[in-house]
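Have a look at the structure below before the remarks.
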Amino acid sequence: MSEPFKTAGLMKELMAKYYARGEECRRESIPVVWVTAVFPVEIVYAMDLFPYYPENFGALAAARKVADKLSEAAESKGYFQDLCGYARCGLGDAYTSEHLVGQILSPDLLLSCNTQCGSLPKWFEAAGRFYKAPYFLLDSPLIENGVSDHSKNYVIHQLQEMIEFLEVNTKRRFDFDRLQEVLKLSNEACQLWNDCLEMAALKPAPFGFFDACFHMAPIVTWRGTQMAVDYYRQLKQELEERVEKKIYAIPNEQYKIYFDHIPVWPRLRWFSDMFAANNALVVASQYTHSWAMKFDLAHPLQTLAEVYSESFVNRGFDYRVKLKLDFIKHYNCDGFVLFSNRSCKPNSFGLYDKRKQITELTGLPGMVFEADMSDTRFLQEGQVQSLLQAFFERLGNKK
């Protein structure tokens, strides 16, 4: 990762406010609503409810290198190691008295969407039983090729049902004017976030994927609020200043790399340093671009249905390959690294086929490594390092 950002302190302050706000809502009897990372949270904010992201809790546990211990607590209750690491962290915290990163905030309601994967809905279903809280699944068809009017209308009806579910369980009325205000703020924050991600296309660049992993928390948690807009406006300004002052993400950038997709959180610095030592900047990922969204304020439910159901995690093989190719072309990448994440199976299926196809179409070197995004018990550092060193050698030979 690059030289420390001035906005890093602001980001920590903003996230501290987020978690403090959750505790305040609990004391003030404002409903706490569990949501998934790629979810129409704008509806939750429009009803002045508090959206809580248990996936973020899992990522935090992973970054602090305690995901394995929380996972073991879940496994002791019969949950398998093959489950998503985030889920095992959340379930483990529910069952243990030793809260290694603070206790997960219990839900009053749970909202999940199956566009990301099949594990999240089952995790939330289990959590709903544990916390005795009502649960709503926002169902979306898998979009293999084009988007049909039938599937789009189906998701719109699901959103209408979800709004009714929230009104019944919170005794609050939904306001479409308020939703448009929230969507406007989401648009601003998402555009600023995208502007920051675009800085990685410069060579040398002031910003890369590992930096984005650090700065992405507000676009997930505070999306739809003025705080997210203010934060990314400041981050963009700082990046522009870095370009002027020639402060770059790595000192001697020679190669630009596409990475797919979630990082290995407990070894984020290890990976970042290894790429930097080989003058390679990881510039883009489908993961961090998942929140570079754009909404149509004139058609709020339609745009929510389109944006959240048509995200890459709910698309077919050919679309995902094309999206990777588009990133590689746009960022002028010299190679690509695909992470076969045992915790995120929908994003890991077919990666060896994708590697072969992308290399055949672009001529670029690529590699696949296997690990887990949170649980270090499944990371063989020596093996991954050997694979990466071989990859870096091929990059050098290409030049």
Side-chain angles (χ1 to χ4, degrees), residues 82 84-85 115-119 142-146 197 200-201 203 208-210 212-213 253-264 267 270-272 274-275 277-290 310-373 378-399:
D82 287 335
C84 167
T115 54
Q116 287 178 245
C117 65
S119 298
L142 175 69
I143 300 171
E144 185 66 29
N145 297 308
L197 295 175
K203 191 167 185 177
F209 168 68
F210 294 114
C213 289
E253 181 189 324
Q254 291 184 35
Y255 312 106
K256 288 187 179 293
I257 307 300
Y258 171 79
F259 185 96
D260 195 77
H261 102 337
I262 298 176
V264 181
R267 293 293 184 270
W270 184 77
F271 275 91
S272 174
M274 196 181 314
F275 279 93
N278 288 275
N279 303 322
L281 178 67
V282 178
V283 291
S285 168
Q286 290 172 327
Y287 176 59
T288 45
H289 275 77
S290 294
E310 297 174 24
S311 62
F312 80 91
V313 287
N314 197 39
R315 305 300 291 266
F317 182 93
D318 291 338
Y319 179 90
R320 294 194 191 195
V321 170
K322 182 183 181 302
L323 189 58
K324 291 174 176 57
L325 290 168
D326 289 345
F327 277 121
I328 288 169
K329 180 180 179 181
H330 180 74
Y331 285 90
N332 196 24
C333 292
D334 302 289
F336 59 96
V337 174
L338 308 180
F339 171 24
S340 182
N341 181 357
R342 72 189 309 279
S343 269
C344 204
K345 294 172 181 63
N347 287 301
S348 301
F349 289 144
L351 285 187
Y352 289 93
D353 290 329
K354 289 173 185 175
R355 180 192 63 182
K356 180 182 178 183
Q357 188 170 345
I358 293 170
T359 295
E360 288 175 349
L361 291 169
T362 65
L364 298 178
M367 63 159 283
V368 179
F369 75 92
E370 300 179 12
D372 187 272
M373 63 192 179
F378 305 104
L379 173 64
Q380 301 296 323
E381 288 189 2
Q383 181 185 65
V384 174
Q385 188 167 12
S386 296
L387 288 170
L388 281 170
Q389 285 305 140
F391 169 71
F392 294 136
E393 288 174 13
R394 280 182 285 152
L395 277 179
N397 293 335
K398 178 179 176 291
K399 289 290 186 181

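The structure presented is a predicted model; accordingly, all values stated were derived computationally and were not measured.
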message: If I take atom OH from residue Tyr331 and atom CG from residue Leu281, how far apart are they, to the nearest 0.5 angstrom?
response: 11.0 Å
query: Are any of the side-chain heavy atoms of Leu395 and Ile257 separated by less than 4.5 Å?
result: yes
Partner set under side-chain hydrogen bond (donor to acceptor under 3.5 Å, both in side chains) for Thr115, not counting sequence neighbours: none
- prompt: Do the non-hydrogen side-chain atoms of Leu364 and Ile358 ever get within less than 4.5 Å of each other?
  reply: no
field: Criterion side chain to side chain contact (heavy atoms under 4.5 Å, CB included) on Lys324 and Phe336, from CA distance to verdict
entry: CA-CA 9 Å; Lys324 291 174 176 57; Phe336 59 96; over 6 Å; no
Minimum-distance pair of heavy atoms, taken over all atoms of Met373 and Cys84: CE-SG, 3.7 Å
message: I'd like to know whether Ile143 forms a side chain to side chain contact (heavy atoms under 4.5 Å, CB included) with Tyr319, so could you lay out the CA-CA distance, the side-chain angles of the two residues, the decisive distance to 0.1 Å, and finally the verdict.
response: CA-CA 9 Å; Ile143 300 171; Tyr319 179 90; over 6 Å; no
Set of residues satisfying side-chain hydrogen bond (donor to acceptor under 3.5 Å, both in side chains) with respect to Lys322, sequence neighbours excluded: Asp326
- prompt: Does a side-chain heavy-atom distance below 4.5 Å link Gln254 with Asn278?
  reply: no
message: Assess the residue pair Leu323 and Gln286 against the criterion (side chain to side chain contact (heavy atoms under 4.5 Å, CB included)); give the C-alpha distance rounded to whole Å, side-chain angles, the decisive distance to 0.1 Å, and a yes or no.
response: CA-CA 8 Å; Leu323 189 58; Gln286 290 172 327; 3.4 Å; yes
field: Nearest-0.5 Å distance that lies between atom CZ in Arg267 and atom CE in Met274
entry: 10.5 Å
- prompt: Does Phe339 have any ring pair (Phe, Tyr, Trp, His ring centres under 6.0 Å) partners at least two apart in sequence or in another chain, and if so, which?
  reply: Phe369
query: Atom CG in Leu325, atom NE2 in His330: separation rounded to 0.5 Å?
result: 14.5 Å
- prompt: Shortest non-hydrogen contact from Ser285 to Phe209?
  reply: CB-CE1, 3.4 Å
task: Using the test ring pair (Phe, Tyr, Trp, His ring centres under 6.0 Å), find all partners of Phe327 that sit at least two apart in sequence or belong to another chain.
output: Tyr258, His289
- request: Not counting sequence neighbours, which residues clear side-chain hydrogen bond (donor to acceptor under 3.5 Å, both in side chains) with Arg342? List them please.
  value: Asp82
task: Compute whether any side-chain donor of one residue and acceptor of the other, for Asp372 and Ser343, lie under 3.5 angstrom apart.
output: yes
query: Do Thr288 and Phe259 have side-chain heavy atoms sitting under 4.5 Å apart?
result: no
query: Hey, does Asn332 have a side-chain heavy atom less than 4.5 Å from the side chain of Lys203?
result: no
task: Applying side chain to side chain contact (heavy atoms under 4.5 Å, CB included), run through Asp260 and Leu351 and close with a yes or a no.
output: CA-CA 9 Å; Asp260 195 77; Leu351 285 187; 4.0 Å; yes
field: Contact check, side chains of Cys344 and His261, non-hydrogen atoms, under 4.5 Å
entry: yes
message: Filter on side chain to side chain donor-acceptor pair (under 3.5 Å), then keep only pairs touching residues 350-367, sequence neighbours left out; what's left?
response: Tyr352-Glu370
field: Flag side-chain contact, heavy atom, 4.5 Å: Leu387 against Phe391
entry: no
query: Just wondering, do Val282 and Phe210 contact through their side chains at under 4.5 Å, heavy atoms?
result: yes
